[in-house]
Amino acid sequence: METDTDLAPAVESILEAARERPGGNEVVDVDARSLPDAVARAEADGRVPVIAEVKPTSPTANGTRDDDPVELAEAMVAGGATAISVLTEPSHFGGSAESLARIREAVDVPVLRKDFLLREAQLDAVAADLLLLIVRFLEPETLADLVAAARERGFQPLVEVHDRAELETALEAGAEIIGVNNRDLARLEVDLETFESVAPEVPDDVTLIAESGVSSPADVRRMRAAGADALLVGSAIMDHGAGDSDVTENTRRLVEAEDDET
């Protein structure tokens, strides 16, 4: 687990808020939609499996989008998104558990809860199909406990790593869905070579997701060539710098990237 001094100030602030955020009032029971099955359906349809992210803003975004979260999610699904990721962190990303609940009711694809979860009670804030656990912020024993607790509730845990050492920790914790974050949380810099360096070490039976830094069809093809089963894309779809950007078309151009080799 990284100490706060290893992290960018924005990330330190996010973690400080996460430590104070309460959990749910009762244990949730989830009948989850399968992400691996959704990925397989996308592949069979000739679509690149894209997990499109509803992210009103972020410390690295150029602005804020105030669109209704449900309308954004529906637009992403219309563009071919395989699943939807929803930020529920309120202080730095403008997210909420309420938005996720509304989105999950409105769409028929798997929905990922993306947040900074540090203890078991925080799993119970809202029902989702998947939830994010970040190796960098958790001790190995805590990670293993949270993976098990998530599965007991019906969640599919997506375990995020940034390097090979974190990958080993994720696998030891029993992770079956792994995301490789191309963004270094110590400096908030993005390098697509991060995924390319970690992917060869991931077992074939793991669903592997490339996270962060994918902004063009060429990036999609690069990550897919390196072994990505799916891609988690937020900013390139939300396009925070242009409030009227077409989320459906932004999603479609990535979903159809392998049809366009130019």
Side-chain angles (χ1 to χ4, degrees), residues 30 32-56 58 61 69-70 72-89 93 95 99-100 103-104 106-115 117 126 128-134 150 155-161 175-183 190 192 194-195 199 202 206-217 219-224 226-239 247-258:
V30 179
R33 304 161 188 166
S34 168
L35 178 67
D37 287 353
V39 168
R41 287 193 296 271
E43 296 273 13
D45 292 342
R47 292 179 285 127
V48 175
V50 171
I51 304 170
E53 188 160 270
V54 177
K55 179 167 64 173
S58 83
V70 171
L72 287 170
E74 290 175 334
M76 292 168 179
V77 173
T82 293
I84 299 294
S85 172
V86 183
L87 264 297
T88 58
E89 200 282 341
F93 293 86
S99 291
L100 186 148
I103 288 169
R104 189 166 182 256
V107 302
D108 60 0
V109 300
V111 175
L112 163 68
R113 178 188 176 196
K114 192 173 182 185
D115 208 327
L117 305 176
V126 63
D129 302 293
L130 303 102
L131 52 74
L132 183 70
L133 299 173
I134 303 175
F155 293 113
Q156 300 161 91
L158 164 56
V159 181
E160 177 180 297
V161 307
E176 297 174 349
I177 303 173
I178 289 177
V180 178
N181 193 347
N182 288 309
R183 188 182 303 279
V190 173
L192 295 184
T194 301
F195 182 86
V202 178
V206 167
T207 299
L208 180 59
I209 300 167
E211 302 176 8
S212 299
V214 173
S215 60
S216 69
D219 292 338
V220 170
R221 293 191 290 271
R222 178 176 172 182
M223 293 294 91
R224 292 279 281 170
D229 296 308
L231 302 101
L232 177 58
V233 184
S235 296
I237 291 175
M238 293 291 292
D239 197 4
V247 169
T248 297
E249 288 305 315
N250 292 346
T251 304
R252 183 174 289 120
R253 73 188 185 98
L254 301 179
V255 166
E256 296 179 353
E258 292 179 337

- Contact summary for M76 and A52, nearest pair of heavy atoms: SD-CB, 3.6 Å
- Of all heavy-atom pairs between F93 and P56, which one has the smallest distance, and what is that distance? O-CD, 3.4 Å
May I ask you to test the [X]-[Y] pair for a side-chain heavy-atom distance under 4.5 Å?
| X | Y | result |
| --- | --- | --- |
| I209 | I51 | yes |
| R224 | P49 | yes |
| L131 | L117 | yes |
| V233 | K55 | no |
| P217 | L254 | yes |

- side-chain contact (heavy atoms from CB on, under 4.5 Å) partner of P36, the single match among E176, R41, Q156: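 Between P36 and the candidates, side-chain contact (heavy atoms from CB on, under 4.5 Å) is satisfied uniquely by Q156.
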- Criterion side-chain contact (heavy atoms from CB on, under 4.5 Å) against M223, the qualifying member of V48, L231, D229: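 Single side-chain contact (heavy atoms from CB on, under 4.5 Å) partner of M223 among V48, L231, D229: L231.
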Measuring from atom [atom1] of [X] to atom [atom2] of [Y], what distance do you get when rounded to the nearest 0.5 angstrom?
| X | Y | atom1 | atom2 | result |
| --- | --- | --- | --- | --- |
| L112 | L35 | CG | CG | 8.5 Å |
| L192 | S215 | CG | OG | 7.5 Å |
| T251 | I237 | OG1 | CD1 | 4.0 Å |
| N181 | T194 | CG | OG1 | 8.5 Å |
| L132 | F155 | CG | CZ | 12.5 Å |
| L158 | S85 | CG | OG | 8.5 Å |

For the pair [X] (side chain) and [Y] (backbone), establish whether a donor and an acceptor sit closer than 3.5 Å, ignoring hydrogens and angles.
| X | Y | answer |
| --- | --- | --- |
| N182 | E211 | yes |
| R33 | V109 | yes |
| R113 | L87 | no |
| T248 | A75 | yes |

- Would E258 and R221 pass as an ion pair if we require N to O under 4.0 Å? no
- Non-neighbouring partners of E74 that pass side chain to side chain donor-acceptor pair (under 3.5 Å), sequence neighbours left out: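 Here no residue qualifies.
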- Query: Can you find a side-chain donor-acceptor pair between T88 and K114 that sits under 3.5 Å?
  - Reply: no
- Task: Carefully, step by step, assess V111 and V86 under the rule side-chain contact (heavy atoms from CB on, under 4.5 Å).
- Result: CA-CA 7 Å; V111 175; V86 183; 3.9 Å; yes
